[in-house]
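For reference, the structure discussed in these notes is given below.
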Amino acid sequence: MKKIAFCFMTYSCINHEDIWRSWFNGIEKDKYALYITQSHPDKKTPVGYFKDNIIPSRETKYYNKSIVGCQVDMISAALKDEDVTHIIFLSGSHIPVK
């Protein structure tokens, strides 16, 4: 079955985690995969509900190529699942609209 990988690049948490949790509850779990990186996991409230989806992260800096490394880490993790056909990159402050 085909899946969409949702890749969250966060500072430490997903700001609107309750909205995302509600949004994902309406979708069958075999149709999506979640991957979360945290550049500073100890700075704020960590990811709660989605904590099992965190992949090993590297510390990043603004305006630095280290962010690309995080994207590559998420792509690599997503492509280990042969059912993933699309990848969507999100930040910790994005919210689902529809």
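Counting begins at 1 with the first residue of the sequence. The figures here come from the full heavy-atom set of this structure, side chains too, leaving out hydrogens, waters and symmetry mates.
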For F50 and L34 the tightest heavy-atom approach is CD2-CD1, 3.5 Å
Hey, any chance I27 and I95 share a hydrophobic cluster, counting ILVMFWY side chains that come within less than 4.5 Å of each other, even indirectly? no
Do you know which two heavy atoms are closest between A77 and Y35, and how far apart they sit? O-OH, 3.7 Å
Between I36 and I55, does a side-chain contact (heavy atoms from CB on, under 4.5 Å) hold up when you go through it step by step? CA-CA 6 Å; I36 301 166; I55 63 170; over 6 Å; no
Please report the closest heavy-atom contact between S93 and N15, naming both atoms and the distance. CB-ND2, 3.4 Å
Straight-line distance of F8 CZ to I88 CD1, nearest 0.5 Å: 9.5 Å
side-chain contact (heavy atoms from CB on, under 4.5 Å) assessment of W20 paired with L90: CA-CA 12 Å; W20 279 107; L90 302 157; 3.9 Å; yes
What about the rings of Y32 and W23, do their centers lie closer together than 6.0 Å? no
In short, T37 meets T10 closest at the heavy-atom pair O-OG1, 2.7 Å
Mind listing the closest non-hydrogen atom pair of Q38 and C13 along with its distance? NE2-N, 4.4 Å
Measuring from atom CG of N53 to atom CD1 of I14, what distance do you get when rounded to the nearest 0.5 angstrom? 8.0 Å
Under the 3.5 angstrom rule, does the side chain of S22 hit a backbone N or O of D18 as a donor-acceptor pair? no
Salt-bridge test for D81 and K3: reply yes if a basic N is under 4.0 Å from a carboxylate O, no otherwise. yes
Would you say the rings of F24 and F6 are close, in the sense that their centroids are separated by under 6.0 Å? yes
Could you report the tightest heavy-atom contact between M74 and M9, atom names first, then the distance? CE-CG, 3.0 Å
